[in-house]
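What follows is a set of notes on a single structure, which appears directly below.
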Amino acid sequence: MNQQATTIQAQASAETGIWAFILADMCIFALYFFIFAWDKSVHPEQFAQGQATLNITFGGANTIILLISSCFMAKAVQAARLSDVARYTHYIRLTILCGCLFLVIKAVEYSDKLAEGYHVASNEFYRDYFAFTGLHMLHVIIGLLVLGYALQFRKDKQAFSTHTLFIENTGLYWHMVDLLWVVLFTFIYLVP
Amino acid sequence: MSNLLKDKATIVLVILLALTLLSWLMLYALKLEPKTVGVLLLVLAFVKVQLIISQYMELNKAIFPIRIAFWLWTACACGISIWMYLR
Amino acid sequence: MTNRKPLIIVAAVSMVMTTLLYVGGMFVIAGFLPPPPPELGQAELAAFYYNNHTSIITGLTMALVGTGFMLPLCIIGSVFLAESEEGFPFFAVMQGLCAVVTVLFTAFPNFIWLAAAFRIDRPPEMIALLHDLGWIMWATPSWGFAFQLICVGVCGLRDKRPQPFIPRWMSYLALWVAIGMAYTPLVPFYTVSGPFAWNGLFSFWIAFFSPIFWIILVSFLAIGNIVKNNHQKVAA
């Protein structure tokens with residue numbers, strides 16, 4: 001009976017509410033993409049100059065870090081479904097580590113730009129750059145806080161399976177953070 | 001079978017990293033019009049997005065309206081972004 | 001459980017009064033909402049205040065009274081939160097205190113704009129300064145309402161009773177609206193129109209209307225619950 005219950009839990013999807021939350025957030029970010037594309041078409045030289053000042057290596061590294069963190073998160077969720085607390089803990093820690101690395105690189109990038117004299121109101125390019133990547137960074141920070149909370153479930157070995165839904169929801173959120181950065185990176189750093 | 005399932009996450013990661021590398025190479029190696037490269041990069045980005053949504057987020061487990069909504073999002077976000085980029 | 005009937009009556013009256021007075025006052029009579037562009041020149045601004053002196057004062061004062069009615073509505077929300085919490089109702093108290101902050105920061109700018117409009121012969125530079133002060137105070141602080149929504153969202157998600165006070169998707173929506181108010185600290189950076197200026201897509205249109213949309217939804221849900229409970233009582 002318990003095994004059946006576990007199997008059902010293992011196959012259960014995250015709840016509809018979190019999907020709705022994620023979709024709503026993705027719609028807001030879609031607005032960011034559109035605004036960026038619009039501003040880019042209105043100020044092409046300014047955006048080309050601005051893009052040239054960005055460090056593609058930092059941006060690319062952040063993309064790779066977040067993609068890897070998504071893989072770790074997926075593995076953490078898989079482990080949680082099987083109530084494998086040790087594996088779950090291992091992968092959640094790795095996900096958090098990746099998130100922290102992302103923040104460190106972002107901090108270095110921002111401080112470089114600020115040192116060069118660019119800030120959120122310098123021109124339309126830097127307004128979009130700082131605001132959109134900054135709001136994304138806020139999502140990463142929120143994600144890390146939630147992951148930190150989820151890490152505590154490792155102490156609750158007896159009732160670990162009761163936390164599976166929360167972990168699934170957290171996984172979805174983290175993947176959203178990753179996919180939004182994929183588009184932001186492409187638009188802001190790469191697209192000529 | 002369970003081994004394969006465990007490795008699905010890794011396989012998807014390898015594909016995503018390969019597509020990222022491809023984007024990088026496209027930017028420097030392809031001798032095309034900048035706008036064409038831009039469109040290709042955006043399409044590639046949204047292919048990666050759809051991969052993350054379908055494989056990592058396991059969209060197929062969500063209820064039907066949610067699946068439609070996410071497909072719509074990808075299509076509209078990609079389409080409108082490219083349209084605005086090209087105008 | 002607290003007796004619902006008086007709460008519902010107070011909530012309904014507050015909702016109607018807030019909407020009529022604040023929306024009527026700010027949008028219709030004073031013409032202050034939607035916000036004017038930040039780049040409006042001093043001469044144009046002064047002309048706006050001189051030419052609409054009476055309607056500005058009427059509308060802003062009406063809106064001020066309207067903000068007072070927001071408080072009973074928010075405190076009733078705290079009653080529901082407190083019922084779902086065990087031990088000290090931390091989130092209920094937090095929500096209530098944040099409601100006071102929200103109401104104050106919605107009301108204070110009106111005093112400032114009233115001062116700008118008070119004397120017809122005020123020099124344009126002073127009017128412009130008071131105008132800017134009012135708008136920065138109106139548009140920038142959003143953490144009051146954001147924290148209210150976070151309290152509601154967290155309480156809602158933790159509510160494991162068979163009849164939670166709001167459905168789970170409303171809690172998620174509350175958290176989404178709360179994040180959607182994160183742009184407003186960018187307002188003071190922009191003296192020209194743009195998505196983050198005080199009249200911008202994100203800082204005004206989304207940050208102002210998404211909470212209103214959420215409040216309307218929660219009101220419909222509350223009314224639906226009451227009607228359903230009444231039918232069940234009648235059936236029993």
Side-chain angles (χ1 to χ4, degrees), chain A residues 11-16 18-20 22-23 26-27 29-42 44 48 56 60 63-64 66-79 82 87 91 168 171-176 178-180 182-187 189-192, chain B residues 2 5-17 19-21 23-24 26-27 33-53 55-63 65-67 69-70 72-74 76-78 80-87:
Chain A
Q11 286 164 2
S13 63
E15 56 186 315
T16 307
I18 193 75
W19 283 111
I22 284 168
L23 185 65
M26 281 166 68
C27 288
F29 270 85
L31 283 176
Y32 299 167
F33 306 153
F34 303 157
I35 288 174
F36 190 85
W38 178 278
D39 285 339
K40 196 177 168 73
S41 70
V42 172
I56 292 189
T63 308
I64 291 168
L66 277 188
L67 288 174
I68 293 172
S69 76
S70 253
C71 180
F72 288 149
M73 188 72 228
K75 290 189 188 251
V77 169
Q78 276 168 13
L82 300 166
R87 265 189 96 222
Y91 283 117
E168 295 259 8
L172 282 189
Y173 176 84
W174 191 257
H175 295 310
M176 177 197 74
D178 176 25
L179 69 89
L180 291 174
V182 164
V183 184
L184 273 180
F185 167 66
T186 305
F187 240 133
Y189 291 75
L190 297 184
V191 167
Chain B
S2 73
L5 281 170
K6 272 189 205 162
D7 280 332
K8 186 181 93 158
T10 316
I11 293 170
V12 172
L13 174 65
V14 167
I15 297 173
L16 288 168
L17 290 174
L19 289 174
T20 308
L21 187 63
S23 303
W24 213 313
M26 263 167 71
L27 194 57
E33 284 289 307
K35 287 276 180 182
T36 314
V37 174
V39 170
L40 285 171
L41 285 170
L42 283 171
V43 168
L44 216 54
F46 280 98
V47 164
K48 281 154 66 180
V49 162
Q50 197 49 40
L51 209 56
I52 293 170
I53 292 174
Q55 300 306 313
Y56 281 152
M57 294 170 84
E58 295 174 320
L59 183 66
N60 58 306
K61 290 188 179 174
I63 58 175
I66 296 277
R67 296 209 300 269
F70 272 79
L72 264 174
W73 181 90
T74 310
C76 291
C78 184
I80 297 175
S81 299
I82 290 176
W83 173 65
M84 284 196 158
Y85 169 63
L86 290 174
R87 61 174 290 284

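Chain letters run A, B, ... following the sequence lines, proteins first and then strands; every chain starts at 1.
- Using a 4.5 Å cut-off between heavy atoms, Ile52(B) touches chain A through its side chain atoms alone.
- Between chain B and the options Ala74(A), Cys71(A), Ala20(A), Ala30(A), the largest number of non-hydrogen pairs under 4.5 Å is found for Cys71(A).
- Taking all atoms of both residues into account, the shortest heavy-atom contact from Trp73(B) to Cys27(A) is NE1-N, 3.6 Å.
- The parts of Ile80(B) that come within reach of chain A are both its backbone and its side chain, each placing non-hydrogen atoms under 4.5 angstrom from that chain.
- Qualifying ring-ring contact (aromatic ring centres under 6.0 Å, His included) partners for Phe185(A), counting only residues two or more places apart in sequence or in other chains: Tyr189(A).
- When side chains are defined from C-beta on, Thr16(A) counts as touching Ile66(B), because their heavy atoms get closer than 4.5 Å.
- Side chains of Leu13(B) and Lys75(A) form no contact here, defined as non-hydrogen atoms less than 4.5 Å apart.
- Considering OG1 of Thr10(B) and CD1 of Ile68(A), their distance stands at 11.0 Å, rounded to 0.5 Å.
- Within the 4.5 Å cutoff, the side chain of Leu41(B) has heavy atoms near those of the Pro192(A) side chain.
- Between Leu16(B) atom CG and Thr63(A) atom OG1 the span is 11.0 Å, to the nearest 0.5 Å.
- The distance from the CG atom of Leu40(B) to the CG atom of Leu190(A) is 12.5 Å, given to the nearest 0.5 Å.
- Heavy-atom distances place both the backbone and the side chain of Leu59(B) under 4.5 Å from chain A.
- Among Pro44(A), Ser70(A), Gly171(A), the residue making the largest number of heavy-atom pairs under 4.5 Å with chain B is Ser70(A).
- For Thr20(B), the part sitting under 4.5 Å from any heavy atom of chain A is the side chain, from C-beta outward, and nothing else.
- Geometric assessment of Arg67(B) against the ring of Trp19(A) yields a negative cation-pi assignment under the 6.0 Å and 45° thresholds.
- Expressed to the nearest 0.5 Å, how far NZ of Lys35(B) lies from OG of Ser41(A) amounts to 7.0 Å.
- Counting heavy atoms from C-beta on, the side chains of Met84(B) and Phe33(A) never come closer than 4.5 Å.
- With sequence neighbours excluded, the residues forming a ring-ring contact (aromatic ring centres under 6.0 Å, His included) with Phe187(A) are Phe36(A), listed by chain and number.
- When all heavy atoms are compared, the tightest approach of Met57(B) to Leu179(A) is SD-CD2, 3.8 Å.
- At a 4.5 Å heavy-atom cutoff, the contact between Ile56(A) and chain B is made by backbone and side-chain atoms alike.
- No more than 12 heavy atoms of other residues, nucleotides or ligands shown are found within 6.0 angstrom of CH2 on Trp38(A).
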- [ ] Just do the side chain to side chain contact (heavy atoms under 4.5 Å, CB included) check on Tyr56(B) and Val77(A) with the steps written out, would you?
- [x] CA-CA 10 Å; Tyr56(B) 281 152; Val77(A) 169; over 6 Å; no
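- A 4.5 Å side-chain heavy-atom check between Thr186(A) and Ser23(B) finds every atom pair outside the cut-off.
- Heavy atoms closer than 4.5 Å to chain A are found nowhere in Cys78(B), neither backbone nor side chain.
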